[in-house]
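In what follows, every heavy atom counts, from backbone to side chain, and hydrogens, waters and symmetry copies are set aside.
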Amino acid sequence: LHKAIRRQRQMCIRDSFTDNSRIYFGRKYTNREAININISHKKWSSYFSYQFKDTQSNEESTNEYEIYNTDNNSLTGNSESYTHDWNHSKAHDIIYGTSYKFDQTNSIDLQYILGINNQNNRESTKENLSFNNNKSTNTTSQKISEKDQLHNILLMLSLIHISEPT
(Lines give C-alpha, C1' and ligand atoms only; values in the text may rest on other atoms or scores of the structure.)
Protein backbone atom coordinates (compact mmCIF):
# COMPACT_ATOMS: atom_id res chain seq x y z
CA LEU A 1 0.00 0.00 0.00
CA HIS A 2 2.81 2.42 0.84
CA LYS A 3 4.48 1.90 -2.59
CA ALA A 4 1.18 2.47 -4.41
CA ILE A 5 0.55 5.79 -2.61
CA ARG A 6 4.10 6.98 -3.28
CA ARG A 7 3.86 6.01 -6.98
CA GLN A 8 0.53 7.84 -7.33
CA ARG A 9 2.03 10.98 -5.70
CA GLN A 10 5.02 10.84 -8.07
CA MET A 11 2.73 10.56 -11.08
CA CYS A 12 0.67 13.57 -9.94
CA ILE A 13 3.81 15.69 -9.54
CA ARG A 14 5.17 14.55 -12.91
CA ASP A 15 1.89 15.21 -14.73
CA SER A 16 1.31 18.62 -13.16
CA PHE A 17 3.61 20.42 -15.67
CA THR A 18 3.44 20.15 -19.44
CA ASP A 19 6.39 19.36 -21.68
CA ASN A 20 6.68 23.09 -22.58
CA SER A 21 8.56 23.86 -19.35
CA ARG A 22 12.30 24.42 -19.80
CA ILE A 23 15.30 26.02 -18.15
CA TYR A 24 18.17 27.45 -20.18
CA PHE A 25 21.59 28.55 -18.90
CA GLY A 26 24.37 30.24 -20.84
CA ARG A 27 24.59 32.09 -24.11
CA LYS A 28 22.37 31.80 -27.14
CA TYR A 29 23.20 34.17 -30.01
CA THR A 30 24.35 36.92 -27.64
CA ASN A 31 27.38 38.07 -25.68
CA ARG A 32 25.39 38.14 -22.43
CA GLU A 33 25.42 35.52 -19.71
CA ALA A 34 21.84 34.42 -19.12
CA ILE A 35 19.40 32.16 -17.35
CA ASN A 36 15.94 31.68 -18.84
CA ILE A 37 13.09 29.73 -17.25
CA ASN A 38 9.83 28.94 -19.08
CA ILE A 39 6.98 27.20 -17.28
CA SER A 40 3.59 26.27 -18.73
CA HIS A 41 0.78 24.75 -16.72
CA LYS A 42 -2.70 24.38 -18.15
CA LYS A 43 -3.88 27.92 -19.05
CA TRP A 44 -0.92 29.70 -17.38
CA SER A 45 2.53 30.25 -18.81
CA SER A 46 5.34 32.18 -17.16
CA TYR A 47 8.77 33.34 -18.22
CA PHE A 48 11.71 34.57 -16.14
CA SER A 49 15.03 35.76 -17.54
CA TYR A 50 18.15 37.24 -15.98
CA GLN A 51 20.90 38.53 -18.27
CA PHE A 52 24.27 39.97 -17.35
CA LYS A 53 26.86 41.67 -19.52
CA ASP A 54 30.30 42.87 -18.37
CA THR A 55 32.47 44.65 -20.94
CA GLN A 56 35.84 46.32 -20.59
CA SER A 57 38.07 48.13 -23.03
CA ASN A 58 41.52 49.59 -22.65
CA GLU A 59 42.92 51.68 -25.53
CA GLU A 60 46.11 53.63 -25.92
CA SER A 61 47.27 55.87 -28.74
CA THR A 62 50.28 58.05 -29.52
CA ASN A 63 50.33 60.87 -32.08
CA GLU A 64 53.40 62.69 -33.31
CA TYR A 65 53.59 65.49 -35.87
CA GLU A 66 55.93 68.23 -36.96
CA ILE A 67 55.17 71.89 -37.61
CA TYR A 68 56.83 73.56 -40.61
CA ASN A 69 57.15 77.20 -41.66
CA THR A 70 55.57 77.38 -45.11
CA ASP A 71 57.66 80.42 -46.15
CA ASN A 72 61.05 78.73 -45.93
CA ASN A 73 59.98 75.10 -45.34
CA SER A 74 61.90 74.95 -42.04
CA LEU A 75 60.96 72.92 -39.00
CA THR A 76 59.59 75.27 -36.31
CA GLY A 77 58.13 72.80 -33.84
CA ASN A 78 56.70 69.42 -33.07
CA SER A 79 53.89 67.92 -31.06
CA GLU A 80 53.59 64.58 -29.33
CA SER A 81 50.50 63.34 -27.52
CA TYR A 82 49.62 60.18 -25.63
CA THR A 83 46.02 59.17 -24.86
CA HIS A 84 44.76 56.37 -22.62
CA ASP A 85 41.04 55.39 -22.54
CA TRP A 86 39.59 52.85 -20.12
CA ASN A 87 35.90 51.83 -20.16
CA HIS A 88 34.02 49.39 -17.95
CA SER A 89 30.32 48.66 -18.28
CA LYS A 90 27.99 46.29 -16.40
CA ALA A 91 24.39 45.66 -17.40
CA HIS A 92 21.74 43.60 -15.61
CA ASP A 93 18.34 42.82 -17.15
CA ILE A 94 15.52 41.02 -15.36
CA ILE A 95 12.40 40.12 -17.31
CA TYR A 96 9.30 38.46 -15.91
CA GLY A 97 6.21 37.70 -17.92
CA THR A 98 3.07 35.73 -17.27
CA SER A 99 0.14 34.91 -19.51
CA TYR A 100 -3.30 33.44 -18.94
CA LYS A 101 -5.29 32.03 -21.88
CA PHE A 102 -9.05 32.15 -21.39
CA ASP A 103 -9.48 30.09 -24.56
CA GLN A 104 -7.73 29.67 -27.94
CA THR A 105 -8.10 33.35 -28.96
CA ASN A 106 -8.42 35.37 -25.74
CA SER A 107 -5.63 36.03 -23.25
CA ILE A 108 -4.15 38.48 -20.78
CA ASP A 109 -0.40 39.08 -20.58
CA LEU A 110 1.68 40.93 -18.00
CA GLN A 111 5.38 41.70 -18.42
CA TYR A 112 7.85 43.52 -16.15
CA ILE A 113 11.36 44.55 -17.24
CA LEU A 114 14.08 45.94 -14.98
CA GLY A 115 17.29 47.17 -16.60
CA ILE A 116 20.26 48.38 -14.55
CA ASN A 117 23.35 49.83 -16.27
CA ASN A 118 26.57 51.02 -14.62
CA GLN A 119 29.29 52.57 -16.76
CA ASN A 120 32.70 53.98 -15.79
CA ASN A 121 34.99 55.78 -18.24
CA ARG A 122 38.42 57.26 -17.65
CA GLU A 123 40.51 59.18 -20.15
CA SER A 124 43.88 60.82 -19.75
CA THR A 125 45.90 62.75 -22.32
CA LYS A 126 49.40 64.16 -22.14
CA GLU A 127 50.62 66.49 -24.88
CA ASN A 128 54.13 67.90 -25.31
CA LEU A 129 54.44 70.85 -27.67
CA SER A 130 57.64 72.47 -28.83
CA PHE A 131 57.29 75.61 -30.98
CA ASN A 132 59.98 78.23 -31.76
CA ASN A 133 62.17 76.99 -28.90
CA ASN A 134 59.24 77.21 -26.42
CA LYS A 135 58.07 74.01 -24.74
CA SER A 136 54.79 73.25 -23.01
CA THR A 137 53.16 70.18 -21.53
CA ASN A 138 49.40 69.78 -21.13
CA THR A 139 47.83 66.98 -19.13
CA THR A 140 44.10 66.26 -19.09
CA SER A 141 42.29 63.67 -17.01
CA GLN A 142 38.58 62.89 -17.04
CA LYS A 143 36.40 60.38 -15.18
CA ILE A 144 32.73 59.77 -15.96
CA SER A 145 30.43 57.44 -14.02
CA GLU A 146 26.85 56.81 -15.09
CA LYS A 147 24.15 54.71 -13.47
CA ASP A 148 20.64 54.31 -14.77
CA GLN A 149 17.62 52.10 -14.19
CA LEU A 150 14.69 51.31 -16.45
CA HIS A 151 11.37 49.96 -15.18
CA ASN A 152 8.84 48.90 -17.78
CA ILE A 153 5.44 47.30 -17.16
CA LEU A 154 3.29 46.05 -20.02
CA LEU A 155 -0.28 44.74 -19.68
CA MET A 156 -2.02 43.37 -22.76
CA LEU A 157 -5.55 42.07 -23.03
CA SER A 158 -6.46 40.22 -26.23
CA LEU A 159 -10.18 39.66 -26.69
CA ILE A 160 -11.41 38.42 -30.05
CA HIS A 161 -15.05 37.58 -30.60
CA ILE A 162 -15.79 35.41 -33.60
CA SER A 163 -19.46 35.20 -34.42
CA GLU A 164 -20.91 32.26 -36.30
CA PRO A 165 -22.52 33.07 -39.66
CA THR A 166 -26.31 32.92 -39.58
Side-chain angles (χ1 to χ4, degrees), residues 17-41 43-102 106-160:
F17 291 100
T18 66
D19 292 334
N20 294 334
S21 301
R22 68 184 173 102
I23 297 175
Y24 168 74
F25 297 95
R27 297 179 180 183
K28 187 173 183 180
Y29 311 114
T30 182
N31 60 350
R32 292 176 174 248
E33 302 296 329
I35 178 173
N36 297 318
I37 301 172
N38 295 300
I39 298 174
S40 295
H41 178 64
K43 293 185 174 191
W44 283 101
S45 63
S46 295
Y47 171 77
F48 174 81
S49 175
Y50 170 74
Q51 298 179 1
F52 176 70
K53 182 178 180 182
D54 187 353
T55 57
Q56 294 184 25
S57 67
N58 192 5
E59 300 175 5
E60 297 179 14
S61 63
T62 302
N63 296 312
E64 295 179 17
Y65 40 101
E66 297 176 334
I67 304 166
Y68 286 91
N69 184 336
T70 56
D71 294 336
N72 59 12
N73 205 20
S74 65
L75 180 65
T76 58
N78 60 11
S79 177
E80 178 184 88
S81 65
Y82 168 78
T83 302
H84 181 226
D85 290 324
W86 178 82
N87 300 307
H88 187 201
S89 173
K90 290 183 180 181
H92 303 267
D93 293 315
I94 298 172
I95 302 168
Y96 174 75
T98 189
S99 177
Y100 180 79
K101 284 192 168 194
F102 300 108
N106 301 309
S107 66
I108 187 167
D109 300 302
L110 175 67
Q111 186 179 59
Y112 173 72
I113 301 171
L114 170 63
I116 301 171
N117 294 308
N118 296 324
Q119 187 168 351
N120 293 307
N121 301 318
R122 279 186 261 158
E123 179 180 319
S124 62
T125 303
K126 183 177 182 179
E127 182 176 18
N128 295 317
L129 178 63
S130 173
F131 188 72
N132 290 333
N133 296 325
N134 294 320
K135 293 183 180 183
S136 68
T137 300
N138 297 319
T139 303
T140 323
S141 184
Q142 182 177 352
K143 181 179 179 183
I144 300 171
S145 294
E146 296 178 1
K147 294 181 180 182
D148 62 333
Q149 286 187 0
L150 167 72
H151 297 273
N152 189 5
I153 298 174
L154 173 67
L155 178 64
M156 261 186 347
L157 180 61
S158 300
L159 298 174
I160 300 172

Answer yes or no: is there a side-chain heavy-atom contact under 4.5 Å between Lys53 and Thr55?
yes
Rounded to the nearest 0.5 Å, how far does CG of Asp93 lie from CG of Leu114?
8.0 Å
Determine whether a donor-acceptor pair (N or O, by modelled atom type, separation under 3.5 Å) exists between the side chain of Thr76 and the backbone of Ile67.
yes
Rounding to 0.5 Å, atoms CD (Gln111) and CG (Asn152) come to a distance of 7.5 Å
Closest approach of Asp109 and Ser107, non-hydrogen atoms and distance?
OD2-OG, 3.8 Å
To the nearest 0.5 Å, how far apart are CG in Asn138 and OG in Ser81?
10.5 Å
Give a yes-or-no answer on whether the side chains of Ser46 and Thr98 include a donor-acceptor pair shorter than 3.5 Å.
yes
Min side-chain heavy-atom separation His84-Asn58 under 4.5 Å
yes
Answer yes if the ring centres of Phe48 and Tyr50 are under 6.0 angstrom apart, and no otherwise.
no
Run the numbers on Asn134 and Leu129 for side chain to side chain contact (heavy atoms under 4.5 Å, CB included), then give the verdict.
CA-CA 8 Å; Asn134 294 320; Leu129 178 63; over 6 Å; no
Separation between OG of Ser49 and CD1 of Ile35, rounded to the nearest 0.5 Å
8.5 Å
Contact check, side chains of Asn106 and Leu157, non-hydrogen atoms, under 4.5 Å:
no
First locate atom CD of Gln119, then atom OG of Ser89, and finally report the distance between them rounded to the nearest 0.5 Å.
5.0 Å
Can you tell me if Asn87 and Ser57 form a side-chain donor-acceptor pair at under 3.5 Å?
yes
How close do Asn121 and His88 get, heavy atom to heavy atom, and via which atoms?
OD1-N, 4.5 Å
To the nearest 0.5 Å, what is the distance between CD1 (Ile39) and CD1 (Ile37)?
6.5 Å
Examine the side chains of Glu80 and Thr62 and answer whether a donor and an acceptor come within less than 3.5 Å of each other.
no
Taking it one step at a time, do Asn78 and Glu64 satisfy side chain to side chain contact (heavy atoms under 4.5 Å, CB included)?
CA-CA 8 Å; Asn78 60 11; Glu64 295 179 17; over 6 Å; no
Taking the side chain from Lys43 and the backbone from Phe102, do they hold a donor-acceptor pair closer than 3.5 Å?
yes
